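Here is the structure we will look at.
Nothing here was measured: the structure is a model prediction, and the numbers come from that model. When a ligand or atom number is given, it counts from 1 through the structure's own listing order.
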Amino acid sequence: ESPDGRKILEFRSSLPAYKEKEAILSAISRNQVLIISGETGCGKTTQVPQFILESEIELVRGAVCNIICTQPRRIAAISVSERVAFERGEKLGETVGYKVRLEGMQGRDTHLLFCTTGILLRRLLDDKKLKGITHIIVDEIHERGINEDFLLVVLKDLLAFRPELKLILMSATLDAELFSSYFNNASTMKIPGFTYPVRTQFLEDILEISGYRLTPDNQIDDYGPERIWKMNKQLPGKRKSQLSSALEDVLRAADFNYYSPQTSESLSCWNPDFIGFNLIQYILCNICEHERPGAILVFMIGWDDINALKEKLLTHPVLSDPNRVLLVMCHGSMDSLEQRLIFQEPEDGVRKIVLATNIAETSITINDIVFVIDCGKAKESSYDALNNTCCLLPTWISKVSVQQRRGRAGRVQPGECYHLYPRYVYDSFTEHQLPEILRMPLQSLCLQIKSLKLGSISEFLSRALQSPEILAVQNAIEYLKTIGALDENENLTILGRHLVVLPMEPKLGKMLIFGVIFNCLDPILTIVAGLTVRCPFLTPSDKKDLAQAAKSQFSHDYSDHLAIVRAYDSWKDAEIDNAGHEYCWKNFLSPQSMKVIEALRVEFLSLLKDIGLVDRNMSSCNAWSYDMYLIRAAICYGLYPGICSVVHKDKSFSLKTTDDGKVLLHSNSVNARESRIPYPWLVFNEKIKVNSVFLRDSTAVPDSVVLLFGGSISKGDTDGHLKMSGGYLEFFVKPA
Ligand code: ADP
Ligand code: MG
């Protein structure tokens, strides 16, 4: 064996999972369903599938065994498969492969496949019984993702038909009983873990020990009003009152007699709506200058605040010095180069600082972390069935998440964890996060249920681990009927069948299809990719006016969607002269987003070719790509019923939605800076609820757009009630 091979074996056998190898294998052979839990990093994801593979090979069943291991995120599927192939001393795509949306590496000899949960669900479309698959491992079930919960219902049914099929569920934390009872008291196993003690400081301790002073200003100087997250306001009633009373306790400071007056005063300035960038910088600096070696992991909310923090740190003399600090980012949309950087060992004397989203909480384990800084928040999407609106907003995390984050510090030696909020706030956190199926819109899920021919939607969902609200199910079915994906009897229409195979929200899939029908796919590809990426336009708070002016120059069409197209096309032009980055810099565009849009366009186009909607030889730019009427029509057909009427009054206008609600334009929208909209309608892709309901991206549409292809939309006679109809799809798209 090579020295490398020996080192790897040494590493593998040091993992807690390794000591349980025989027990795990024997439990699998004795049970159809097994639930394995164990602390993050103990070796579940990388080792358990390997154990199975190795034992099957030993038993000379290697050629027939086929193991599928699902991951909630594509980034984890790729990174884990790379790791496992490496540990086996192979190239990726030999025995070990991966498959994620529109991308993969697998070969004839692949017997262990890591894939996203979505990929396995899609496979079920053509292969209901998962023929040839011997083991299914569903990983990270504790996250309670909507896809995983859905998959479990399907697999539960399948197990009865396939008695020889093995199902292994893996989870980081111990809610094993819930899953065990769901699968008729299935066996559970816990891999004993080992972590070093982690010294924990809550905000009051940090202030007391360091003497750092919070003032109202030093917490907010990195965030303009755009970033003020009214966290309390969007917490459900109970949690809200819990939190605010807890906060009052903190602020009253009576409980802080133990602490110095300075700390109490500092605490009274603490603002839960901000992440104190200055405080983070202070802690980082302190660690870099005074503490023992070891990497630092900073849990932030999302990509945008990670970027903002990085920008700030790069102006700091110590933290920006490459001889002292290796600054890397870890988030869901990083590329493989960035991914490798996270695991990289820095040179002696250089400290690694990782700015991460909650992806580093359980799915990606970075080995050399000794210090953790936790902002206590994560982005959480939630769906309000009553008002039929979605929010994707920062919220406080659960206690389980806090423990996970803290645990990341104690993997290699005793660690330190800094929580940027007081202990009282922690006490008010919920134990677990609400499962996605209870807080997400169910449209895509309903489409999937129909496409897998699983019978009545509501009956099926009533058999889930936890069933969603009836109103949420009804809203989803109603929506799918409205957009023409389901007929009156809840059966898939031709449009519905096409939407099932497009891996995006139904409205974006529909927009793509109409881009094809109207022969103006090129800009629509950009728009759909842009809406998937979310934030191509940057708005740093200190240069907000400049940023908005920059965005305005991309738009004189009363459309945020067309602004994405303009921005992307100009960036592409600049790229020809290798000036793309500079162009982004000058125009407040995110170069990363532009690159992702570019890649997604290619992916989406090839997908449309695969399913036969677009001719193989066609390039994306087609005949009517610059016809504004057609583009608007495609946008409108995609986003309907996200439409509202524009009511002008004096020198301003107001907006009224189909359900008679009042909505406002988000201040980043190009339309927010107009005093008149020359068209009677605005279509929008998302209502976001903060304090009021805001439309994020919108496009104005004239009546003629709607009438263009024989559709009709009418304001009704009285109070702006909207109606729209159209039945062209079957005419334009051949059945799949
Ligand atoms: P679990 O699934 O139980 O959380 P994993 O199997 O993901 O644990 O990881 C086991 C060990 O392998 C961890 O110590 C982790 O740091 C290490 N590891 C995983 N992926 C990589 C990688 N790409 N590079 C280096 N080490 C890795
Ligand atoms: Mg894992």
Side-chain angles (χ1 to χ4, degrees), residues 4 7-21 24 35-53 67 69-90 92 96 98 112 114-117 137-143 145 148 168-174 176 189-196 294-295 297 328 330 334-346 352 354 356 358-370 372 400-401 403-405 407-413 415:
D4 267 0
K7 237 172 105 184
I8 292 167
L9 198 60
E10 223 169 81
F11 174 79
R12 288 189 63 195
S13 44
S14 76
L15 293 171
Y18 208 82
K19 300 180 186 64
E20 303 297 318
K21 181 174 173 176
I24 293 172
I35 298 149
I36 301 177
S37 64
E39 264 169 55
T40 307
C42 75
K44 295 181 299 297
T45 309
T46 55
Q47 304 308 311
V48 172
Q50 276 196 87
F51 295 162
I52 300 173
L53 183 64
I67 309 159
C69 178
T70 69
Q71 297 292 319
R73 280 172 286 268
R74 55 189 274 138
I75 197 87
I78 300 172
S79 123
V80 164
S81 63
E82 275 176 358
R83 174 67 187 179
V84 172
F86 170 79
E87 286 188 4
R88 293 180 52 77
E90 293 178 1
L92 194 58
V96 184
Y98 78 90
L112 167 54
F114 289 92
C115 65
T116 50
T117 315
I137 305 172
V138 185
D139 203 357
E140 313 274 12
I141 49 167
H142 64 275
E143 285 189 18
E148 288 70 26
I168 296 116
L169 310 177
M170 303 205 293
S171 146
T173 42
L174 246 189
M189 251 194 90
K190 180 164 169 56
I191 300 173
F194 174 78
T195 46
Y196 293 90
L297 175 60
V328 293
C330 175
M334 59 193 167
D335 55 33
S336 48
L337 181 75
E338 274 181 290
Q339 228 181 104
R340 246 162 269 145
L341 282 178
I342 316 171
F343 292 109
Q344 185 182 313
E345 265 179 50
K352 181 161 76 176
V354 186
N358 58 351
I359 195 169
E361 215 173 275
T362 60
S363 14
I364 291 182
T365 298
I366 307 160
N367 269 326
D368 40 2
I369 303 295
V370 177
V372 164
V400 169
S401 288
Q403 278 144 26
Q404 283 291 344
R405 289 181 177 193
R408 316 276 66 203
R411 295 185 23 80
V412 281
Q413 51 175 281

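- The Mg ion (ligand 2) lies under 2.8 Å from an N, O or S atom belonging to Thr45.
- Under the 4.5 Å side-chain criterion, counting only non-hydrogen atoms from C-beta, Thr40 is in contact with Arg408.
- Residue Ala360 comes nearest to Leu297 through the heavy atom pair CB-CD1, 4.1 Å, listed as atom of the first residue, atom of the second, then distance.
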What are the polar N/O contacts of ligand 1 with the protein below 3.5 Å, with distances?
{"unit_1": "ligand 1", "atom_1": "2 (O)", "unit_2": "Thr45", "atom_2": "N", "d": "2.9"}
{"unit_1": "ligand 1", "atom_1": "2 (O)", "unit_2": "Thr45", "atom_2": "OG1", "d": "2.6"}
{"unit_1": "ligand 1", "atom_1": "3 (O)", "unit_2": "Gly41", "atom_2": "N", "d": "3.4"}
{"unit_1": "ligand 1", "atom_1": "3 (O)", "unit_2": "Cys42", "atom_2": "N", "d": "3.2"}
{"unit_1": "ligand 1", "atom_1": "3 (O)", "unit_2": "Gly43", "atom_2": "N", "d": "3.0"}
{"unit_1": "ligand 1", "atom_1": "3 (O)", "unit_2": "Lys44", "atom_2": "N", "d": "2.8"}
{"unit_1": "ligand 1", "atom_1": "3 (O)", "unit_2": "Lys44", "atom_2": "NZ", "d": "2.9"}
{"unit_1": "ligand 1", "atom_1": "4 (O)", "unit_2": "Gly41", "atom_2": "N", "d": "2.6"}
{"unit_1": "ligand 1", "atom_1": "6 (O)", "unit_2": "Thr45", "atom_2": "N", "d": "3.4"}
{"unit_1": "ligand 1", "atom_1": "6 (O)", "unit_2": "Thr46", "atom_2": "N", "d": "2.8"}
{"unit_1": "ligand 1", "atom_1": "6 (O)", "unit_2": "Thr46", "atom_2": "OG1", "d": "2.6"}
{"unit_1": "ligand 1", "atom_1": "8 (O)", "unit_2": "Gly43", "atom_2": "N", "d": "3.2"}
{"unit_1": "ligand 1", "atom_1": "14 (O)", "unit_2": "Asn367", "atom_2": "OD1", "d": "2.9"}
{"unit_1": "ligand 1", "atom_1": "14 (O)", "unit_2": "Arg411", "atom_2": "NH2", "d": "2.7"}
{"unit_1": "ligand 1", "atom_1": "16 (O)", "unit_2": "Thr365", "atom_2": "O", "d": "3.2"}
{"unit_1": "ligand 1", "atom_1": "16 (O)", "unit_2": "Asn367", "atom_2": "OD1", "d": "2.7"}
{"unit_1": "ligand 1", "atom_1": "16 (O)", "unit_2": "Asn367", "atom_2": "ND2", "d": "2.9"}

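- Annotation for Ile78 and Tyr98: closest pair CG1-CE1, 3.5 Å, computed over non-hydrogen atoms.
- By the side-chain contact (heavy atoms from CB on, under 4.5 Å) test, Thr195 pairs with Glu39, sequence neighbours left out.
- Looking only at distances, no side-chain donor or acceptor of Lys352 sits under 3.5 Å from a matching main-chain atom of Glu345.
- Considering all non-hydrogen atoms of both residues, Phe114 and Ala77 come closest at CB-O, 3.8 Å.
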